[in-house]
Student: 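Before anything else, here's the structure in question.
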Amino acid sequence: MLNDEVAGLFEELAELTKLEDLNPQSFRARAYESAARATRSLPSPASEMSKAALVAVKGIGGSSADKILEFVEQGRIDKLERLREQFSDDYRELVRIPGIGGKTAAKLRSELGIESVEALKEAIAAEKLRDLPGLGAKTEEKIARSIERLGLTGKDRRVPISEALPAAERLVAELRSTEGVQDAMVCGSLRRMRETIGDVDILVSSHDPDSLARRVRELPAVREIIGAGDTKISFLTQNGLQVDVRVVEPGQFGAATLYFTGSKAHNIRLRQIAQQRDLLLNEYALADAEDGSVVAAATEEDVYGALDLAWIPPPMREDDGEIERARIGPIDVVSLSDINGDLHVHTDLSGDGEASLEEMVAAAAGRGYGYVAITDHAEDLAINGASREQMLRQRLEIGELQESYPDLRILHGSELNIAPDGGVDYDPEFLSGFDYTVASIHSHFDLPQDEQTVRIITAMGNPNVTAIGHLSGRMIGRRPGVEFDVDAVLEAAALTGTAIEINGSLNRLDAPSGLIRKAHGRDIYFVIDTDAHRVSEYDQMRWGVLYAQRGWLGPSQCVNTWSVERFLEFIEA
Ligand code: DGT
Ligand code: CA
Ligand code: CA
Ligand code: ZN
């Protein structure tokens with residue numbers, strides 16, 4: 001717990017240092033980022049380690065070690081407190097708007113006194129930005145559009161899932177290890193894998209709900225209590241996340257998680273179905289409307305079952321046809337245990353990759369996968385791309401490694417860059433030497449919609465492109481995706497047999513679920529990838545799978561659930 005908490009503080013330090021240095025590539029910020037990763041995977045609690053032991057860990061330097069010790073001893077890091085004062089939450093939100101970097105934000109603050117998105121919107125309405133040196137009317141319009149597309153508006157602000165989910169999972173783990181707790185679970189929009197969330201909902205079961213609710217107040221993650229009743233408590237975390245925790249008796253846990261997972265529209269439909277059967281459904285139970293006797297309450301399966309419905313995976317609960325589907329029988333969506341390989345994996349041959357080829361391959365084998373594709377960045381990507389010579393050398397290394405892994409098929413691939421005209425790196429002959437390629441958009445996000453559509457379709461038509469990576473290129477909460485004609489792109493995927501990636505990184509979750517759903521039941525194939533740049537990121541498969549469920553993806557349309565033989569036939573074709 002402590003290590004995660006300290007890691008979170010280092011991440012925040014990195015974010016704020018970029019603002020202080022007016023440089024997103026700030027060297028000091030990078031040092032904090034590696035300290036965050038290193039701290040998260042320390043073998044023992046940081047409080048039990050000496051400074052010497054901390055510094056000996058790769059990624060932790062002397063000054064980071066001092067900060068860890070400072071936090072262990074004093075419960076705070078001075079430098080962080082100072083930066084928090086200098087850069088308010090509102091100001092930090094400002095910098096998340098595409099088109100506004102640290103430098104522009106600093107200019108807005110010094111020239112116009114703008115410190116929040118609200119103030120920025122007012123200044124745009126008054127056309128004040130266009131007169132600032134280096135900005136102009138075009139930039140002003142672009143920023144206005146970004147704000148609109150991101151839906152960033154004051155108190156309605158929604159938090160990107162990448163900020164909320166890891167923090168919520170840590171809270172749940174902490175609650176589970178609290179005395180008197182039987183079970184704890186993330187509910188609400190987060191369990192439904194919405195891209196952004198309003199607040200975090202957590203459900204806890206305990207035989208003594210009242211005293212437990214009191215104990216929740218004392219969790220270290222709690223910064224400020226904003227409301228508390230007998231069995232409910234709402235608070236803000238140290239990172240400003242709003243959390244509702246509710247405690248129920250274990251016998252009510254299923255009815256309660258069902259209710260608080262929502263969506264509201266899904267709940268309303270369930271309640272109507274219950275009413276038609278003279279039953280009452282609320283957060284405590286499904287009960288007989290007349291005598292109040294409980295029909296089902298302990299598990300979600302019980303409640304759905306009593307309504308003659310199959311259990312519905314949470315990401316599907318949006319009242320978008322899932323209830324009709326659940327009447328027919330069990331719902332066959334992809335699950336983590338179906339996954340047989342990861343096809344978008346980087347090594348340290350990519351400038352931004354951290355683990356060696358050996359480490360990434362060993363970890364894939366450790367997961368019991370039947371296949372893995374090593375896909376380092378291709379040469380056109382500035383700084384991070386690998387040259388032809390490096391790629392050929394890697395191919396030889398893979399050939400040698402393969403001998404040690406008889407049960408894991410190691411594919412030599414590459415992540416290609418889709419140019420504005422739809423072309424990709426290298427030449428056709430060199431490309432045909434790869435077993436597998438995933439082509440992605442890494443630049444020119446602002447082209448008009450029809451150009452983006454042609455761009456993507458052209459890449460799909462390339463016989464050397466197996467899959468399209470993170471299709472929209474969005475960074476949730478930070479950058480909207482490219483605009484393209486979804487129907488035309490799906491049509492091209494069907495015609496060319498090019499797979500569409502579902503990228504499991506919480507910053508991306510891309511292709512968007514609406515597009516996945518549109519492909520449901522058609523001859524269009526998806527591949528759920530992690531885009532791992534380090535060993536721990538193989539875990540992102542879990543999120544990719546849950547997000548795919550939001551698009552109703554079944555294993556038959558997900559190529560990396562297939563056997564090695566069937567999968568190899570697919571990429572050959
Ligand atoms: P959010 O927080 O805006 O991202 O979205 P949710 O879905 O997490 O909504 P939230 O936190 O207001 O409430 C959590 C769940 O509680 C919601 O998904 C369904 C349930 N719920 C809340 N209010 C109502 C209500 O008025 N009626 C019903 N049937 N369910 C509700
Ligand atoms: Ca919520
Ligand atoms: Ca809530
Ligand atoms: Zn990648």
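Computed from a predicted structure; not experimentally measured. Counting starts at 1 for both ligands and their atoms, in listed order.
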Student: Do His346 and His344 have side-chain N/O donor and acceptor atoms under 3.5 Å apart?
Tutor: yes

Student: Who's the nearest protein heavy-atom neighbour of atom 26 (O) of ligand 1, and how far?
Tutor: Lys264 CE, 3.4 Å

Student: Determine the sole option in Leu408, Ile398, Val345 for which the side chain to side chain contact (heavy atoms under 4.5 Å, CB included) test with Val361 is passed.
Tutor: Leu408

Student: Return yes if a side-chain donor-acceptor contact under 3.5 Å exists between Asp531 and Gln540, otherwise no.
Tutor: no

Student: Check the side chains of Glu300 and Thr257 for a donor-acceptor pair under 3.5 angstrom, ignoring hydrogens and angles.
Tutor: yes

Student: Of all the non-hydrogen atoms in the protein, which one sits nearest to atom 30 (N) of ligand 1, and at what distance?
Tutor: Asn267 ND2, 3.3 Å

Student: Tell me whether ligand 1 is touched by Arg192 - counting only heavy atoms on the residue side and a distance under 4.0 Å.
Tutor: yes

Student: Under 6.0 Å between the ring centres of Tyr525 and Trp562?
Tutor: yes

Student: For a quick check under 3.5 Å, do Ser293 and Asp288 share a side-chain donor-acceptor pair by atom type?
Tutor: no

Student: More than 12 heavy atoms of other residues, nucleotides or ligands under 6.0 Å from OH of Tyr284: yes or no?
Tutor: no

Student: N/O/S atom of His470 under 2.8 Å from the Zn ion (ligand 4), yes or no?
Tutor: no

Student: Numbering the atoms of ligand 1 from 1, which are under 4.0 Å from a heavy atom of Thr261?
Tutor: 18 (O)

Student: Below 4.0 angstrom from a heavy atom of Arg271, which ligand 1 atoms are there? Numbered from 1 as shown, please.
Tutor: 29 (N)

Student: Is the contact between Asp244 and ligand 1 made by the side chain, the backbone, both, or neither, using heavy atoms and a 4.0 Å cut-off?
Tutor: neither

Student: Starting from atom 20 (C) of ligand 1, what is the nearest protein heavy atom, named by residue and atom, and what distance separates them?
Tutor: Tyr259 O, 3.3 Å

Student: Could you name the option among Gly198, Ala164, Ser189 that has the heavy atom nearest to atom 8 (O) of ligand 1?
Tutor: Ser189

Student: Will you find, in the side chains of Asn417 and Asp380, an N or O donor that is under 3.5 Å from an N or O acceptor?
Tutor: no

Student: Can you pull out the closest protein heavy atom to atom 15 (C) of ligand 1? Residue, atom name and distance to 0.1 Å, please.
Tutor: Phe260 O, 3.4 Å

Student: Can you tell me which residue and heavy atom of the protein come closest to atom 18 (O) of ligand 1, and the distance to 0.1 Å?
Tutor: Gly262 CA, 3.2 Å

Student: Check all N, O or S atoms of Asp531 and name the one closest to the Zn ion (ligand 4).
Tutor: OD1

Student: Out of Asn282, Asp201, Leu270, who gets a non-hydrogen atom closest to atom 10 (P) of ligand 1?
Tutor: Asp201

Student: Do Ser356 and Asp348 have a side chain donor and acceptor closer than 3.5 Å?
Tutor: no

Student: Which residue holds the protein heavy atom closest to atom 3 (O) of ligand 1, what is that atom called, and what is the gap in Å?
Tutor: Arg158 NH1, 3.1 Å

Student: If the cut-off is 4.0 Å to any non-hydrogen atom of Gly188, which atoms of ligand 1 fall inside it?
Tutor: 8 (O)

Student: For atom 6 (P) of ligand 1, is the nearest protein heavy atom under 4.0 Å away?
Tutor: yes

Student: How open is the angle at the Ca ion (ligand 3) from atom OD1 of Asp201 over to atom OD1 of Asp199, rounded to 10 degrees?
Tutor: 100°

Student: Do Asn507 and Ser162 pair up side chain to side chain, a donor and an acceptor below 3.5 Å, judged on atom types alone?
Tutor: yes

Student: Any non-hydrogen side-chain atom of Leu175 less than 4.5 Å from a side-chain atom of Leu219?
Tutor: yes

Student: Before moving on, can you tell me the angle at the Zn ion (ligand 4) between the OE1 atom of Glu415 and the NE2 atom of His344, to the nearest 10 degrees?
Tutor: 90°

Student: Say whether Ser263 and Arg317, considering side chains only, have a donor N or O and an acceptor N or O under 3.5 Å apart.
Tutor: no

Student: Applying a 4.0 Å heavy-atom criterion (strictly less than), which segment of Asp199 is in contact with ligand 1: side chain, backbone, both, or neither?
Tutor: both

